[in-house]
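When a ligand or atom number is given, it counts from 1 through the structure's own listing order. Start at 1 with the first residue, then count along the sequence.
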Amino acid sequence: MKRWRIWWRALADLMLPRTCLVCGRKLGLQEEHLCLYCLAEMPRTYFWDRSHNSMADKINGVIQEWLENDFPTEPDGKEIPLGRLLERYAYACALFFFQDEGDYRNILYSLKYNGNTAAGEHFGKMLGRKMVSAAHFADVDTVIPVPLHWTRRWKRGYNQAEHIAVGVSEAMGIELRTDILFRRKRTATQTKVDVKQKRRNVLGAFEMVKNGHEPSHILLVDDLFTTGATLYACYRAIREIYPSVRISFATLGFVGRP
Ligand SMILES: [Zn+2]
């Protein structure tokens with residue numbers, strides 16, 4: 001860090017001390033968002049080291065299950081041959097395991113509910129720096145955040161997934177696109193519906209539009225991977241426009257255990 005920035009931060013810390021998102025301890029000058037202890041103890045997934053991991057298995061399971069029941073079609077109404085879709089195993093990667101009893105969930109809460117967009121970019125960069133050395137992500141040419149419906153974005157003032165995507169795209173040196181995938185349908189807060197109902201509700205909520213060059217490998221970015229329903233709905237919207245594009249997934253949190 002440059003000397004003037006250290007002085008500036010020291011002064012700012014004096015006025016309004018920054019605290020660790022996980023343990024709440026006062027942060028030192030060189031620490032950002034997490035204290036060194038919590039940074040070291042972060043339950044990292046190491047999914048970036050393995051093209052085959054539990055998150056990729058989960059999303060590929062969701063994709064296959066739905067393709068078997070619900071064939072997507074080409075823009076002209078023709079059915080897309082199943083084989084063309086299944087040949088593309090989707091890669092997936094998350095930064096850390098998100099557990100209900102763990103304090104690392106505060107990273108996502110602080111981004112989603114407290115306007116801490118800087119944390120989104122910071123941890124997005126951390127994830128991007130891990131992914132950039134993975135061979136299976138080497139040909140990613142487009143980063144797209146999972147979009148919010150405009151009314152929700154307007155109410156919150158920002159899209160949390162977009163801030164993570166900014167960090168990821170910067171660290172990987174890949175173009176970020178926020179002008180080709182849109183959320184057209186607003187779905188109600190879905191805490192009380194079951195998994196199948198949630199998937200049905202969100203399906204058809206997204207729309208992909210053709211604009212500029214055709215991507216060959218898209219990385220979809222969101223804050224948290226739970227059931228994969230939202231990511232699948234985006235996947236399908238993209239595949240309807242670009243049937244043979246490869247689509248991979250990246251989130252900060254993955255609901256699961258090491
Ligand atoms: Zn801490």
Side-chain angles (χ1 to χ4, degrees), residues 1-50 53-55 58 92-134 137 143 145-146 148 156-172 191 219 221-227 230-231 249-258:
M1 210 185 298
K2 290 198 177 85
R3 180 164 291 187
W4 68 267
R5 287 197 62 175
I6 293 178
W7 281 106
W8 176 250
R9 182 171 278 179
L11 188 69
D13 281 355
L14 212 62
M15 318 272 275
L16 189 75
R18 297 170 307 126
T19 53
C20 172
L21 288 175
V22 171
C23 71
R25 198 175 65 78
K26 199 166 150 283
L27 290 182
L29 283 176
Q30 302 286 354
E31 294 169 330
E32 289 189 74
H33 304 287
L34 296 183
C35 71
L36 288 177
Y37 175 79
C38 292
L39 180 64
E41 292 295 307
M42 180 188 269
R44 292 171 175 79
T45 64
Y46 294 97
F47 286 164
W48 46 87
D49 286 340
R50 300 190 302 271
N53 57 55
S54 48
M55 179 171 164
K58 216 166 166 179
C93 182
L95 182 63
F96 57 85
F97 289 106
F98 181 96
Q99 292 150 355
D100 269 346
E101 71 276 20
D103 290 329
Y104 286 85
R105 66 196 164 156
N106 290 345
I107 291 174
L108 296 186
Y109 289 160
S110 148
L111 165 64
K112 197 164 174 179
Y113 303 112
N114 293 334
N116 194 350
T117 53
E121 286 174 35
H122 176 80
F123 292 101
K125 264 187 205 154
M126 195 181 280
L127 175 62
R129 283 197 292 266
K130 307 284 186 199
M131 291 174 68
V132 79
S133 53
F137 294 122
V143 174
V146 169
L148 285 183
R156 189 177 292 159
Y158 59 95
N159 173 5
Q160 71 279 6
E162 194 175 319
H163 287 278
I164 300 166
V166 165
V168 170
S169 80
E170 264 183 43
M172 295 181 80
T191 45
L219 182 70
V221 176
D222 206 0
D223 51 354
L224 181 65
F225 184 100
T226 43
T227 63
T230 308
L231 289 173
F249 305 90
T251 60
L252 285 189
F254 174 68
V255 178
R257 290 177 183 283

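- For the pair Arg25 and Glu31, the salt-bridge criterion is met [side-chain N within less than 4.0 Å of a carboxylate O].
- The distance cut-off of 2.8 Å around the Zn ion (ligand 1) captures these protein N, O or S atoms, sorted by chain and number: Cys20 SG, Cys23 SG, Cys35 SG, Cys38 SG.
- No donor-acceptor pair under 3.5 Å is formed between the side chain of Asp49 and the backbone N or O of Lys130.
- Across Ser54 and Phe47, no two heavy atoms sit closer than the pair OG-CZ, 3.3 Å.
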(message) Let's go through Val166 and Thr117 carefully: what are the C-alpha distance in whole Å and the side-chain angles of both, what is the deciding distance for side-chain contact (heavy atoms from CB on, under 4.5 Å) to 0.1 Å, and is it a yes or a no?
(response) CA-CA 10 Å; Val166 165; Thr117 53; over 6 Å; no

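- Checked options Asp223, Ile107, Leu224; the residue passing with Lys112 is Asp223 (criterion: side-chain contact (heavy atoms from CB on, under 4.5 Å)).
- Phe254 pairs in a ring-ring contact (aromatic ring centres under 6.0 Å, His included) with only one of the listed residues (Phe98, Tyr46, Phe225, Phe96), which is Phe225.
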